Structure formats: structure tokens, C-alpha cells
2 protein chains.
Amino acid sequence: MTETRTRILDIAERGILAKGFEATSIEEITAEAEITKGGFFYHFHDKNALALALLDRYIEAEDQLFDDIFSRAEDLSDDPLQAMLIGLKLLAELLDDIPGGHPGCLVATSCYQSRLFNTQVHEANRRALLGWRNRFETMFQTIAETYPPKDKVNLTDLADMLSGVVEGGIILSKAVGDPKASARQVLMFRSYVKLLFQR
Amino acid sequence: MTETRTRILDIAERGILAKGFEATSIEEITAEAEITKGGFFYHFHDKNALALALLDRYIEAEDQLFDDIFSRAEDLSDDPLQAMLIGLKLLAELLDDIPGGHPGCLVATSCYQSRLFNTQVHEANRRALLGWRNRFETMFQTIAETYPPKDKVNLTDLADMLSGVVEGGIILSKAVGDPKASARQVLMFRSYVKLLFQR
DNA sequence: GTTTTGCTGTACCTATGGTATAGTAGATGC
DNA sequence: GCATCTACTATACCATAGGTACAGCAAAAC
């Protein structure tokens, strides 16, 4: 990982989150990074490789964030349901605090430009969502052992719903121009979890 | 509305839903429509105008669909909560029946390629989501009059959640490769509505 | 019978992704 | 102290895509 490579990734990420993948040209990136085209293609053999590197970095950061939030939540309460509710609140606060709203999820972006990306990018994307599914499903299973759910629901779908609500919230906030919408949607999900498990 | 114009829209829609906006070239469209480039630009002054026409058409169809589903639901039950629950089930069934899953939502696509589209496209997008918010919020207000909600929630956010869950579900289904995910997410939302309002 | 509509056909400009290749300053290895 | 490797620069070039410009033409509308 050289300094130049990291700089390219940073500039590309900013551009892509603001304008989309296609709208962010390589020449634009090289200009801002003050390197030549040759320099860019030295680090990334094509634009797909850039997307892949960016996605990997993004997923890692997001995983770290979930680790931090939910380990903190488990510190604050021994009860699995309470820990989940605290974690969701922390997540909502975090989304709320990002100035200008959540920058948008690279995972979703890559979904919506499907044929543009190669199989590797889609695979990375898939792994990320399955990882999150797994993480939350385990937590909900633990909760369900102590708190029998009030409605017959599939816990995998419930786990997926959190990812979905965040993604959907981002789309909402972008479309309606309300940066805080994403955080409020997470709180709606929290309300559902509360009603579903709380006695 | 000429026959050629409609044919362009149909071909473009199919391409965009399958591959994304940028990945669908004008030349590809004109080739399939068996017209020349001049013919294309006679109908749409640029690619943005194509996006706008497509979005308008899409929103109108989606509105019609919601009208059909929920008026049918209201036929089946006089109770506002029951009608909502029936409507959500019908919506889920509809999403489930689309062969190969939901084709993806043009509204979301246009969100994620933001700077690429002009203000008109974003405005159309915004109006659509606000229209759906309004529609569902009114329904939830009527429900709340008879069934006091079990948790203190903002009904606007609840209305937005349905749009969000559909959008998020589409992303999920595309990313994980599970066409039915979108329908199951709508059923999760239905479960929330049930727990929130049912006595 | 003239005008408008809905195109065709040709030619051309620009931006962008991508390829190729020669060269080079500085760090690293032996 | 020489060679090799790393991390680039510089130049030149190709194909594709969006877009412009404009002349022409057949059929429908007035």
C-alpha cells in the first residue's frame, strides 16, 4: 500500500459517493492526485480493479464499525435484547451525526450498475451482505432464546431487514433530500425489534 | 406519442433495468429499434430526456399499481388495518410473481447516479417518493384513529419505511442473488404493522 | 398544394477508458 | 558499487460513446 495508491482510493471514493462510479473519470482522479494516467494504471489494471479495492476497503471499515458499535452495546447491557436495542440506537446516532447525511453505500451503488462490474466485484458485494446477515442473525437467535417472538418471523429475513432498511434509508434521504431519513429508518427497525421481542 | 418513441422507451427500459443507465448505450438502443441516431435525437434531445420520460412512465405505472392493489384490498375489508394488511400481502405476492424477481426500481437507480442526471430528473424522483409517502401516511393515520399504536412512532416515517423496505429489498435480492428477498421484506414490514396496531 | 411530422444518412467533434512503450529517480539487495 | 526492482513520468495512440449539424425525403395533416 503506497501513499499514492491510498490517495487515489480516497479521491475516487469521494467522487464516486458524490457523483457515481461512471461519472467519476480516471483523468479527473489523476488530475486531483497529481499523477499521470500511467501512474493510475500502474496501481489498478482497470477501473474494475479500482472498484474492487474500494469495495474491499469500504466493507472492512463497515465491519469494524459494526464491531465497535455492538461490542460497546454489549458492554452497556448483559441482556441480548437490550444490547441490540442500544446498538441500533448507537447506529442511528452515528448515521445522524455524519455531516450532510450518510455518504451512500458503495455496496448498493455497485448493485445498481450491475453489468458494468465484473464477477469479482459482485462476489465481494455478496460476501459483505451475507456477512452482515450472519452477524445479525446470530444476535437475533440469542435474543429469541430468551424472548419468544410475538410474530412468526424468519430470523434470517429479520437480519436482512436491517441491511435493507439502511440501504433503503439512504435512497430515501438522497431522493427526498433529507439527510436524517436514514437514521430515522433505523429507529423504525428498532421499534419493530422492540415490539417483536419485548414481553 | 409515436410508435417509435414508445419502442425506444421499451428497449431502453429493459436495458437500463438489466445493466444500468450508463451501460445502456444509445447506439445499442437505436440498433435494436432499427432506427438511426438522428431518429433517436429527434425524440429525445439527450440521454437525460430519455431518463426523464422513462421515470415519468415508471412512476405512473407504479401509482396505478398501488391504486389497484389497495382499492382491491379495501374491497375485501372495511377495516382500515385489515385493508392495509391485505394490501401488503397482495404487494408481496405481486413482487414474488415477477419472473426473475423485481426488475429493480428506476427511482433508486437514478438516485445512485446522482450528478449524472439533471435537476428535472431529481425533481421527478422526489415527487414520486413524496407521493407514496403521502398515500401511505393517510392510510396509517386512518388506522391509528381506530387502533392506537403500541409504540410512539412518526407515521410519516412509517409510510417512508414501506418505500424504503421495497427499495432495500431490491438491493438485497440483487446483491445476494435471491429474487424473492424483496417480497419477504414487504412481509416483514407487514408483520411490523400488525404488531404496531393490532390489539 | 404546402407545411409539418417523423424520420434517414453522413459526417464530424469531444471525452473517456484503455493500451503500449520508452525512460527515469530513488530505494533495496548482494 | 553495480544491478535490480519499485513507483512512477511522458508521449502517443485506439475504440467507443454521447452529442451536433445538416441535408434530404416520404407520408400525413392542414
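This structure is a prediction, so every number in the text was calculated from the model and none was measured. Proteins get letters first, then strands, A, B, ... in listed order; numbering begins at 1 in each.
An OP1 or OP2 oxygen of C:dC7 is reached within less than 4.0 angstrom by a side-chain nitrogen or oxygen of B:His43. Distances shorter than 4.0 Å separate none of the side-chain N or O atoms of A:Thr2 from OP1 or OP2 on D:dT6.
Residue A:Thr36 has its side chain nearest to D:dT9 when only D:dG19, D:dT9, C:dC7 are considered. The side chain of A:Phe41 approaches C:dT19 more closely than any other nucleotide in the set D:dG19, C:dT19, D:dA10. Side-chain atoms of A:Ser25 lie closest to C:dT16 of the nucleotides C:dT8, C:dT19, C:dT16. When distances are taken from the side chain of B:Tyr42 to each of C:dG6, D:dA17, D:dC8, the shortest belongs to C:dG6.
If you check the side chains of A:Asp79 and A:Tyr147, you find a donor sitting under 3.5 Å from an acceptor. A donor-acceptor contact closer than 3.5 angstrom links the side chains of B:Thr156 and B:Asn154.
The pair A:Lys89-A:Glu93 fails the salt-bridge criterion, with no side-chain N (NZ, NE, NH1 or NH2) lying under 4.0 Å from an Asp/Glu carboxylate O. Salt bridge absent: B:Glu60 and B:Arg57 never bring a charged side-chain N and a carboxylate O closer than 4.0 Å.
Between A:Ile26 and A:Gly38, the residue anchored nearer the 5' end of DNA chain C, judged by the nucleotide with its closest heavy atom, is A:Ile26. For the pair A:His45 and B:Thr4, nearest-nucleotide mapping onto DNA chain C gives the more 5' position to B:Thr4.
For the pair B:Ile35 CD1 and C:dG9 C1', the interatomic distance rounds to 13 Å; values are reported in whole Å. For the pair B:Ile8 CD1 and C:dC7 P, the computed distance is 7 Å after rounding to whole Å.
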